[in-house]
Amino acid sequence: QLQLVESGGDLVQPGGSLRLSCAASGFTLDERCLAWFRQAPGKEREGVASFNGRSATTNYADSVRGRFTISRGNAKNIVYLQMNNLKPEDTAVYSCTTIRVWGSGRCPLLQSSYDHWGQGTEVTVSA
């Protein structure tokens, strides 16, 4: 059974860093896109970063490019989201999601492209 479990959310001060983890089971990341989305209170869910398991190609939203890094762990079934220089507007519930992929290009940051979701982990950026 395909399963995604996020962890690492916390309360952090502006300018701080956090690393989120998405542990995948029931499938191999080698054939999938894995993406991080976030949903702030009262806002729609938005794509943050994606990783193509076939090619390691990454894709970032403009709002996080240069501050966030998505990467695959040595364990191969874990994908991380390293978040640096966090801002109050980064406060949200962060969820990981996946879809089967056949190509090597950038994975989308469109919610409708994905069909399996984790339960989310909460990130709060506040002084």
Side-chain angles (χ1 to χ4, degrees):
Q1 181 178 357
L2 192 152
Q3 190 174 16
L4 299 165
V5 179
E6 303 93 334
S7 62
D10 204 346
L11 169 65
V12 63
Q13 292 186 345
S17 298
L18 275 178
R19 189 177 76 166
L20 305 183
S21 300
C22 176
S25 60
F27 65 94
T28 174
L29 285 172
D30 291 342
E31 299 177 348
R32 285 187 167 266
C33 288
L34 194 137
W36 283 96
F37 280 69
R38 66 185 181 186
Q39 187 166 22
K43 295 188 177 181
E44 294 187 356
R45 184 180 283 173
E46 64 169 342
V48 173
S50 66
F51 181 92
N52 187 324
R54 289 188 177 276
S55 62
T57 301
T58 57
N59 189 19
Y60 296 95
D62 289 343
S63 59
V64 306
R65 187 175 291 113
R67 300 188 297 124
F68 291 11
T69 302
I70 188 170
S71 63
R72 187 173 181 178
N74 291 332
K76 298 299 182 183
N77 65 331
I78 295 179
V79 174
Y80 299 109
L81 184 68
Q82 177 68 41
M83 305 187 296
N84 297 330
N85 190 22
L86 282 161
K87 304 175 181 180
E89 52 263 42
D90 295 318
T91 295
V93 174
Y94 285 71
S95 302
C96 60
T97 182
T98 186
I99 189 72
R100 185 78 180 268
V101 66
W102 284 266
S104 61
R106 293 185 297 178
C107 294
L109 293 177
L110 187 64
Q111 181 177 341
S112 60
S113 299
Y114 294 89
D115 57 8
H116 289 87
W117 294 83
Q119 83 289 348
T121 186
E122 189 168 0
V123 173
T124 302
V125 184
S126 175

Inset, instruction - Determine, stepwise, if the pair Tyr94 / Met83 fulfils side-chain contact (heavy atoms from CB on, under 4.5 Å). - result: CA-CA 12 Å; Tyr94 285 71; Met83 305 187 296; 3.9 Å; yes
Inset, instruction - Locate the shortest heavy-atom distance separating Gln111 from Trp117; write the atom from each residue and the value. - result: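 Between these two residues, the closest heavy atoms are CG-CZ2, 3.6 Å.
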Just by distance, do the side chain of [X] and the backbone of [Y] share a donor-acceptor pair under 3.5 Å?
{"X": "Thr98", "Y": "Cys33", "value": "yes"}
{"X": "Glu6", "Y": "Gln119", "value": "yes"}
{"X": "Thr97", "Y": "Tyr114", "value": "no"}
{"X": "Asn52", "Y": "Gly103", "value": "yes"}
{"X": "Thr121", "Y": "Gly9", "value": "yes"}

Is it true that [X] and [Y] make a salt bridge, defined as a side-chain N closer than 4.0 Å to a carboxylate O?
{"X": "Asp10", "Y": "Arg19", "result": "no"}
{"X": "Arg65", "Y": "Asp62", "result": "yes"}
{"X": "Asp90", "Y": "Arg67", "result": "yes"}

Legend entry - Matching residue for Val123 among Leu20, Leu81, Leu11 - test: side chain to side chain contact (heavy atoms under 4.5 Å, CB included):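 With Val123 as partner, side chain to side chain contact (heavy atoms under 4.5 Å, CB included) holds for just one option, Leu20.
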Legend entry - Identified side chain to side chain contact (heavy atoms under 4.5 Å, CB included) counterpart of Arg72 within the set Asp30, Asn77, Thr58: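 Output: one option passes, namely Asp30.
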Inset, instruction - Answer yes or no: are there more than 12 heavy-atom neighbours, outside Arg106 itself, under 6.0 Å from its atom CZ? - result: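 Atom CZ in Arg106 is not crowded, with 12 or fewer foreign heavy atoms closer than 6.0 Å.
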Does any part of the side chain of [Y], heavy atoms only, come nearer than 4.5 Å to the side chain of [X], both counted from C-beta?
{"X": "Leu34", "Y": "Cys96", "result": "yes"}
{"X": "Asn59", "Y": "Cys107", "result": "no"}
{"X": "Arg45", "Y": "Arg38", "result": "no"}
{"X": "Glu46", "Y": "Phe37", "result": "no"}
{"X": "Pro88", "Y": "Pro14", "result": "yes"}

Inset, instruction - Scan side-chain atoms only and decide if Ser71 and Thr69 contain a donor-acceptor pair under the 3.5 Å cut-off. - result: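 Not at all, the side chains of Ser71 and Thr69 share no donor-acceptor pair under 3.5 Å.
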Inset, instruction - Determine, stepwise, if the pair Tyr80 / Ile78 fulfils side-chain contact (heavy atoms from CB on, under 4.5 Å). - result: CA-CA 7 Å; Tyr80 299 109; Ile78 295 179; 3.6 Å; yes
Legend entry - Audit row: Gln39, Glu44, side-chain contact (heavy atoms from CB on, under 4.5 Å) steps and yes/no: CA-CA 6 Å; Gln39 187 166 22; Glu44 294 187 356; 5.5 Å; no
Let me check something: do [X] and [Y] share a hydrophobic cluster, defined by ILVMFWY side-chain heavy atoms less than 4.5 Å apart, either directly or through other members?
{"X": "Phe68", "Y": "Val79", "value": "yes"}
{"X": "Val48", "Y": "Leu29", "value": "yes"}
{"X": "Phe51", "Y": "Leu2", "value": "yes"}
{"X": "Val12", "Y": "Val64", "value": "yes"}
{"X": "Trp36", "Y": "Phe27", "value": "yes"}

